[in-house]
Amino acid sequence: MDSYFNYLRQMVTIFFSDLGRWFYATFAAPWEVVPNNFKTYGDTLANFQGNFGFVGWLFFILFAVLLVAALGALVLLIVWFLRKYIKFYKTEIDREKLKEEIQNLQIELYNASQEKNRILGLQFDSLGLTPNEGIAFNKETITESADENAIDGEAVDEETPKAKEVRFPRLINVDERYENINVTCELPADATDISLQGIVERFRDYAASQLRLYYTIPSMRAFFASMGTGKIIILEGISGTGKTSLPYALGKFFQNGCTICSVQPSWRDRSELLGFYNDFTKKFTETEFLRSIYEATFRNDCNLIVLDEMNIARIEYYFAEFLSIMEMPNPSAWNIDLISSPQKDDPKHLHDGKLLIPQNCWFIGTANNDDSTFTITDKVYDRAMSLFFDNKGIAFEAPFTEALPLPFDYLQKLFEDAKVNYPLSAKTMEKFTELDDFVIEHFKLAFGNRILKQLNAFVPCYVATGGTELEGVDYIFATKILKKFESLNIAHLRDDLIELDAKLTKLFGKNEFKMAKAKIAGFLKDVG
């Protein structure tokens, strides 16, 4: 037994000495030194093996197995490191190739889009259409804008060399298009002093006479009054009732078109709406939605951006930032953060990586009420104005009416004048407060400061469009308060609804609040 341990001590000493010499020889001496010692291993074993005994040979075999396992593990470790290195090196090469391919694809896609626009422009010319009737399509959006194909009749060139080198190529293209062009919207000579009511009636006649789109006077009054109340408007109703057609028609009426962005079911955050910075290409992936907002910063007319089927994804996911930003009382704080590290060659209307939402923009969402869509939450309803379309418009004869290019400042002044000239009367406000107390007592719902603010903005604008004060109050009560009743257990509130109907008659008269009473009647019909 002692003989084996003496062998083991000497063997380990020799082995590790040789192992050290092997590493030394690998980096500092010829490799041939080590193989010469293999004979020494055999000689050492021959000197001691006769006295091993059974236990000695057992330990010899065990040690040999462990030695082979250690050497195998060392070899595997070296192979593993080599594979990791090769994989990492290959990944870096593939990443560079992918980056180059993405850049080439983006350039090809943009050039194809420009070629498509030119082809469409030739089609429009052959049909005798004006540039304002241009329609440009892309993968996820439909843009109905005069400026997508031309500005003042000038065709848009392909992406310039400068745009190819910067982080925001599409926005830089907008900068270059407007650099030497002054796009100023002015009222035509026959409408220099047109009123808000005149605009509503003229648009209704224009839509009917030129587009064969028919809208009722109350719905048009509500739509324009909503524009004077806030920047977010939701058009609801069943499919085919003309929700998307309304902003489309209004864009053509303003001779500025509108941008229609189709919301996708996969949208989960703001990057779907605004785009994101691509680490591969070192460029910002710009969306049509972002381009439309940016282009509006160069214009002085009214710009409409449509989110088509906006509730096919959860609105509060991808649109949450806009809902919060436009709650701020100071419009100069309506900034969107686009990039954290601004550069000198970024678009000229980006400041510290932020884009200020211009006041001449309205965001109009269309929403279908069916099983394929998400429920619009109170958070969204409270911050937006909504219109409901329950049937198609009835055709009527209208005189042929021309479009009306409308400067934003002029429309905004009409809204501001309306709030001064037609403020909500103290008597109506007193009755509305009493109605608020009744709703709190019976339905545990309060109007809140946000709704009162919207009431004081909407009603004057509604009166200025030709409506009455009580019709405006009725509209706000039906769309802002009674809308919330849909989430209540109406079956247990039948008596309270009957009392509410009687309360409206007592406060405002038998023939007033027709919209609210119709909605209450619908609730009562549902509960039987």
Side-chain angles (χ1 to χ4, degrees), residues 130 132-133 146 183-231 233 235 242 245-258 299-304 359-362 364 385 387 389 393-425 454 456-476 515:
T130 65
N132 286 316
E133 294 173 291
V183 181
T184 302
C185 176
E186 296 180 354
L187 282 169
D190 64 338
T192 54
D193 58 350
I194 190 169
S195 66
L196 202 54
Q197 181 177 354
I199 294 174
V200 170
E201 294 173 351
R202 182 162 175 165
F203 167 64
R204 183 168 179 262
D205 288 341
Y206 169 84
S209 64
Q210 293 207 36
L211 304 177
R212 298 296 184 265
L213 296 173
Y214 305 99
Y215 303 104
T216 64
I217 279 289
S219 62
M220 291 302 93
R221 288 170 178 165
F223 184 77
F224 276 88
S226 296
M227 291 179 67
T229 305
K231 298 297 183 181
I233 302 173
L235 308 180
S245 300
L246 177 55
Y248 163 78
L250 188 59
K252 293 181 73 65
F253 178 66
F254 289 154
Q255 292 190 340
N256 184 25
C258 72
R299 307 183 66 93
N300 74 323
D301 51 5
C302 301
N303 296 263
L304 308 177
Q359 290 298 293
N360 60 343
C361 268
W362 280 269
I364 303 173
M385 299 300 297
L387 284 79
F389 291 74
I394 301 174
F396 61 90
E397 290 296 327
F400 183 83
T401 306
E402 296 288 351
L404 178 69
L406 188 63
F408 166 73
D409 290 342
Y410 185 86
L411 181 61
Q412 185 66 20
K413 186 177 186 304
L414 292 180
F415 289 142
E416 296 301 328
D417 289 345
K419 295 168 188 176
V420 173
N421 297 330
Y422 308 105
L424 191 65
S425 65
Q454 292 169 342
N456 283 291
F458 179 87
V459 173
C461 293
Y462 191 86
V463 173
T465 61
T468 67
E469 182 178 75
L470 290 184
E471 286 174 347
V473 176
D474 175 27
Y475 188 89
I476 290 294
M515 188 175 179

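The figures that follow rest on heavy atoms only: side chains count, while hydrogens, waters and symmetry mates do not. Computed from a predicted model, the values in this text were never measured in an experiment.
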Using a 4.5 Å cut-off on heavy atoms from C-beta on, say whether the side chain of [Y] contacts that of [X].
X: Thr468; Y: Val463; answer: no
X: Asn303; Y: Arg299; answer: yes
X: Met515; Y: Glu471; answer: no
X: Phe223; Y: Leu235; answer: yes
X: Lys252; Y: Tyr206; answer: yes

For this session: Would you please test Ile217 and Thr465 for side-chain contact (heavy atoms from CB on, under 4.5 Å) and show each step?
Result: CA-CA 9 Å; Ile217 279 289; Thr465 61; over 6 Å; no
Exercise. Does one side chain, of Asn300 or Asn360, offer a donor that lies under 3.5 Å from an acceptor on the other?
Worked result: no
For this session: Would you check if there is a donor-acceptor pair between the side chains of Thr216 and Ser219 at a distance under 3.5 Å?
Result: yes
Exercise. Taking the six-membered ring of Phe253, is the NZ or CZ of Arg202 close enough (under 6.0 Å from the centre) and on axis enough (within 45°)?
Worked result: no
Problem set entry | Under the salt bridge (Lys or Arg N to Asp or Glu O under 4.0 Å) test, residues paired with Asp409 that sit two or more places apart | none
For this session: May I ask you to decide if the ring planes of Tyr462 and Tyr475 are parallel, tilted or perpendicular, using 30° and 60° as cut-offs?
Result: parallel
For this session: Write down the atom of Met227, the atom of Leu411, and the distance for their closest heavy-atom approach.
Result: CE-CD2, 4.1 Å
Exercise. Checking side-chain hydrogen bond (donor to acceptor under 3.5 Å, both in side chains) for the pair Glu469/Ser425: CA distance, chi angles, key distance, verdict?
Worked result: CA-CA 8 Å; Glu469 182 178 75; Ser425 65; 2.9 Å; yes
